[in-house]
2 protein chains.
Amino acid sequence: MSIKKKYNIRFRIWFYANEDKFLGKGRVELLERIKETGSITNAAKGMKMSYRQAWQMVNEMNESAPKIVVEKSLGGKGGGGATVTKAGEKAIQQFHEFENKVAQFIADESKKLKI
Amino acid sequence: MSIKKKYNIRFRIWFYANEDKFLGKGRVELLERIKETGSITNAAKGMKMSYRQAWQMVNEMNESAPKIVVEKSLGGKGGGGATVTKAGEKAIQQFHEFENKVAQFIADESKKLKI
DNA sequence: TTTCAATATGTTTTTAAAAGAATATTGATA
DNA sequence: TATCAATATTCTTTTAAAAACATATTGAAA
């Protein structure tokens, strides 16, 4: 039988803009769902999140980010909707890239541990 | 004027033993204070933590860790006390080492980001 | 055998966060 | 100009986590 590791290591990363939390795992998922569905309402329905919370997250992101990440439209055909901006898509991509790099690093370093 | 970075990246790591959270930043601090003060009571007083919570953390750690990290003694001179075991000290050290490595990696990778 | 300070554990209260409910607003379009 | 679905916003309720409180237990030492 193989040697069983005592510990495994988990992590989370966050993007901050100045001192404001800007992006984490949950917010990235929300952005991705907004991109897919075209609205905050439907994005929130897909995850365990109330519209209220999703809307607040979007607002906080837009306020803290250097550029708006979600463009919202109000009224009109379909009642309105929300789309992820280029800046938003870039942020999503950067987050995933960074997270993957850290995951790889941690996996590699974990192997070196004699615990 | 220098270019101002849009984002800075923060992180947290946790040691897991099987599927149980074993060690994080807060628990490491608790262990260090137990080591300094020789008791859960005084360790808890030093941070914003109730004795009850500190005691529970210690128990969870001891239950999930492969080896006990805090040795408790009950009654007797001084009422008893708590000491960090060799395994506990090693865990503290490993945690700091790993955290520092990840911090260094993230700092380096952050520099490469054009955001 | 009483004292004492710390561990051990149960119960209640407070607090903060999330959820939920309710309602108003918007604007294209039919 | 009435409709409609989504955004926007306020208010209330629930829930979960933390804190606070209370009390029992332990065992060396005086």
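Note on naming: letters A, B, ... go to the chains in the order of the sequence lines (proteins, then strands), and numbering restarts at 1 for each one.
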Completion exercise
Here the distance between atom C1' of D:dA6 and atom CD of A:Glu71, to the nearest Å, is 16 Å

Completion exercise
Out of D:dT9, C:dA19, D:dA6, minimum distance to the side chain of A:Ser39 belongs to D:dA6

Problem - Base D:dT7 paired with A:Arg52 side chain (donor-acceptor, <3.5 Å) - result: no

Exercise for the section: Tell me yes or no: between the side chains of B:Gln104 and B:Asp108, is some donor less than 3.5 Å from an acceptor? Expected result: yes

Handout entry: side chain to side chain contact (heavy atoms under 4.5 Å, CB included) partners for B:Lys67, two or more places apart
Key = B:Ala87

Handout entry: A:Ser50 side chain, from C-beta outward: closest of D:dA8, C:dA6, C:dA19
Key = C:dA19

Problem - Protein-nucleotide distance (B:Met57, atom CE; C:dA8, atom P), rounded to Å - result: 16 Å

Practice task
Using a cut-off of strictly less than 4.0 Å, decide whether B:Trp55 has a side-chain nitrogen or oxygen near OP1 or OP2 of C:dA8.
Solution key: yes

Problem - Gap between atoms NZ and P, on B:Lys48 and C:dT14 respectively (whole Å) - result: 23 Å

Exercise for the section: Please determine if B:Lys112 and B:Glu109 form a salt bridge, counting it only when a charged side-chain N lies under 4.0 Å from a carboxylate O. Expected result: yes

Exercise for the section: Measure the distance from NZ on A:Lys45 to P on D:dA5 and round it to the nearest whole Å. Expected result: 10 Å

Completion exercise
Taken to the nearest whole Å, CD1/A:Ile40 to C1'/C:dT25 is 15 Å

Handout entry: B:Met47 CE to D:dA19 P, straight-line distance once rounded to whole Å
Key = 11 Å

Exercise for the section: Check every strand shown and say whether B:Gly79 touches a base, only sugar-phosphate, or nothing at a heavy-atom separation below 4.0 Å. Expected result: base

Problem - Side-chain N,O (B:Ser73) to OP1/OP2 (D:dG27) below 4.0 Å - result: no

Fill in the blank from the handout: Between A:Gln53 and A:Gly75, the residue closer to the 5' end of DNA chain C by nearest nucleotide is A:Gln53

Completion exercise
Rounded to whole Å, CD of A:Gln56 lies from P of C:dA19 at a distance of 11 Å

Completion exercise
Taking for A:Asn59 and for A:Gly76 the nucleotide of DNA chain D with the nearest heavy atom, the one nearer the 5' end belongs to A:Gly76

Problem - B:Lys72 side-chain proximity, nearest of C:dA6, C:dA19, C:dT7 - result: C:dT7

Problem - A:Leu74 side-chain proximity, nearest of C:dA19, C:dT7, D:dA6 - result: D:dA6

Practice task
Enter the distance from B:Ile40:CD1 to B:Ile34:CD1 here, rounded to the nearest 0.5 Å.
Solution key: 5.0 Å

Practice task
Answer yes or no: is there a side-chain heavy-atom contact under 4.5 Å between B:Leu113 and B:Ile9?
Solution key: yes

Exercise for the section: Considering just the side-chain nitrogens and oxygens of A:Lys77, establish if one lies under 4.0 Å of OP1 or OP2 belonging to D:dC4. Expected result: no

